[in-house]
Amino acid sequence: MLDLNDITLHYGHSQILKGISLQAVVGEVTCVMGCNGVGKTSLMKAITGTHARSGGSVQLNGETLGVLPAHALAQKGIAYVPQGRDIFPLLTVKENLETGFACLPASEHFIPDHIFELFPVLKEMIARRGGDLSGGQQQQLAIARALISRPKLLVLDEPTEGIQPNIITQIGEVIKLLRDQGEMAIILVEQYFDFAYALADRFVVLRRGEVVLAGQKGDVAREALLEGVSV
C-alpha cells in the first residue's frame, strides 16, 4: 500500500500541491482525475521522486520514505510511466527494456516471458529502434519497461494520450490483468473518462492542487465525478 499524507509541492515560489492525501492499495487501481493544470502530473512526480515534494509524508508498505531521488524510489519498488513515455528513440526495443535492469540484482537481468505475453508486438519488434515504433507501440514499450523492475507500485500518467483506440483497449486489458494478479498497487492518471471509470477501484479528483472528491468507486456517483472533472 502507498499512503500519502498532506503532500505539498512548490515550483519556485508557486505552490502547486496543497495538502494532498491518498491511498493506493495492492490489487486496486486508484485513478487521479481532474482538468489540465490541476496538479496531477506534479503529484505523480512527487510520488516517484522526479520532483522533490516540499512537505508531507509518504509510506510504502509501512515504510516511511524520506525525500528520495527517483532512482532510490525505483529501488524501493515504485515504477513510473510518465506522460510522453520517455522511451530512448535510438535504442532498440530490447535495449529499452534492459534499462529496467538498473533496479534489479544481476541474477534478475533477463526479460521475463510474461512481458511478451502482455505485449506481443514488442517481441516482433525486439530489434527495432524505439523511435521507429508508433505512439501506441512506444506506450506499450514504456509500460513493459516499468514492469521489468517488478514494481510494488505502478504509476501511469495519461497512458491513452495520443493512442489509437485498439491500443487503448489492449492497454486497458493489461491494467486489468495486473490489478487482478494482486501483486501491485496501480495509480492511473487519466483524462479519458470512460476508460478511467471502467478500470478504477477508487477515485481522487484534484482541482487547483487540492483534493475535492475522493472515495471508493461504489461510494462516488458517476455524475459527481463528471462534475468534478469538468471545467
Side-chain angles (χ1 to χ4, degrees), residues 29-51 70 74 78-103 111-151 153-179 181 184-200 206 229 231:
V29 174
T30 298
C31 187
V32 178
M33 305 179 76
C35 304
N36 287 331
V38 299
K40 303 186 300 296
T41 292
S42 294
L43 178 59
M44 299 308 105
K45 289 181 176 181
I47 292 170
T48 59
T50 53
H51 187 96
I78 298 177
Y80 183 31
V81 181
Q83 189 176 23
R85 302 179 279 275
D86 285 358
I87 59 106
F88 297 100
L90 299 182
L91 298 185
T92 66
V93 167
K94 183 173 185 287
E95 290 166 340
N96 267 278
L97 292 173
E98 289 173 343
T99 63
F101 294 165
C103 301
I111 301 172
D113 290 341
H114 75 266
I115 294 295
F116 297 124
E117 293 169 1
L118 292 173
F119 303 108
V121 70
L122 299 182
K123 188 170 186 178
E124 299 169 15
M125 298 188 170
I126 194 72
R128 295 276 294 276
R129 293 193 307 180
D132 294 334
L133 273 57
S134 70
Q137 292 162 351
Q138 289 182 5
Q139 186 67 67
Q140 292 177 83
L141 176 56
I143 297 172
R145 179 181 59 186
L147 295 176
I148 290 284
S149 65
R150 297 162 175 76
L153 171 69
L154 177 63
V155 178
L156 303 167
D157 193 354
E158 302 277 9
T160 68
E161 185 179 39
I163 305 300
Q164 54 267 47
N166 64 315
I167 303 283
I168 291 175
T169 299
Q170 292 175 25
I171 289 172
E173 291 301 318
V174 167
I175 295 172
K176 287 179 188 175
L177 179 61
L178 295 172
R179 176 193 63 196
Q181 287 175 343
M184 67 180 72
I186 300 171
I187 294 179
L188 171 67
V189 173
E190 187 53 63
Q191 297 248 42
Y192 179 8
F193 185 88
D194 290 339
F195 180 85
Y197 192 80
L199 287 172
L206 301 186
V229 300
V231 177

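This structure is a prediction, so every number in the text was calculated from the model and none was measured.
Atom CG of Asn166 is surrounded by more than 12 heavy atoms from other residues, nucleotides or ligands within 6.0 Å.
Interatomic distance, Gln170 CD to Phe119 CZ, rounded to the nearest 0.5 Å: 9.0 Å. Within the model, atoms CG of Leu91 and CD of Glu98 stand 9.5 Å from one another, a figure rounded to the nearest 0.5 Å. Note: Thr30 OG1 to Leu199 CG = 12.0 Å, rounded to the nearest 0.5 Å. Here CG of Asp157 is found 5.0 Å from CD of Gln83. Values are rounded to the nearest 0.5 Å. In this structure, CE in Met184 is found 12.5 Å from CZ in Arg179, a value given to the nearest 0.5 Å. Residue Ile163 holds its CD1 atom at 10.0 Å from CZ of Phe195, rounded to the nearest 0.5 Å.
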Q: Check the pair Leu43, Ile187 against side chain to side chain contact (heavy atoms under 4.5 Å, CB included), reporting the backbone distance first and the verdict last.
A: CA-CA 11 Å; Leu43 178 59; Ile187 294 179; over 6 Å; no
Q. Run the side chain to side chain contact (heavy atoms under 4.5 Å, CB included) check on Ile171 and Thr160 step by step: do they pass?
A. CA-CA 8 Å; Ile171 289 172; Thr160 68; 5.6 Å; no
Q. Step by step, would you call Ile126 with Thr92 a side chain to side chain contact (heavy atoms under 4.5 Å, CB included)?
A. CA-CA 7 Å; Ile126 194 72; Thr92 66; over 6 Å; no
Q: Begin from the C-alpha positions of Lys40 and Glu158 and carry the test side chain to side chain contact (heavy atoms under 4.5 Å, CB included) through to its verdict.
A: CA-CA 10 Å; Lys40 303 186 300 296; Glu158 302 277 9; 4.0 Å; yes
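Nearest heavy atom pair, residue Ala79 against residue Ala146, reads CB-O, 3.6 Å. Heavy atoms only, all atoms of each residue included: Ile47 and Ile78 are closest at O-CD1, 3.8 Å. In plain terms, the two heavy atoms of Gly136 and Gln164 that are nearest each other are N-OE1, 3.8 Å. Here the closest non-hydrogen pair linking Thr50 and Ala70 is CG2-CB, 4.0 Å. Of all heavy-atom pairs spanning Pro89 and Arg129, the tightest one is O-CB, 3.6 Å. Shortest non-hydrogen contact noted between Val229 and Gly34 is CG1-N, 3.8 Å.
Counting heavy atoms from C-beta on, the side chains of Met44 and Pro82 never come closer than 4.5 Å. Residues Ile143 and Leu118 have side chains not in contact (no heavy-atom distance under 4.5 Å, counting atoms from C-beta outward).
Checking Leu122, Ile111, Ile87 one by one against Arg145, the side chain to side chain contact (heavy atoms under 4.5 Å, CB included) holds for a single residue, Ile87. Residue Gln140 is tested with Val174, Ile167, Val93 for a side chain to side chain contact (heavy atoms under 4.5 Å, CB included); the sole match is Ile167.
Every residue was checked against the ring pair (Phe, Tyr, Trp, His ring centres under 6.0 Å) condition with Phe116, not counting sequence neighbours, and none meets it.
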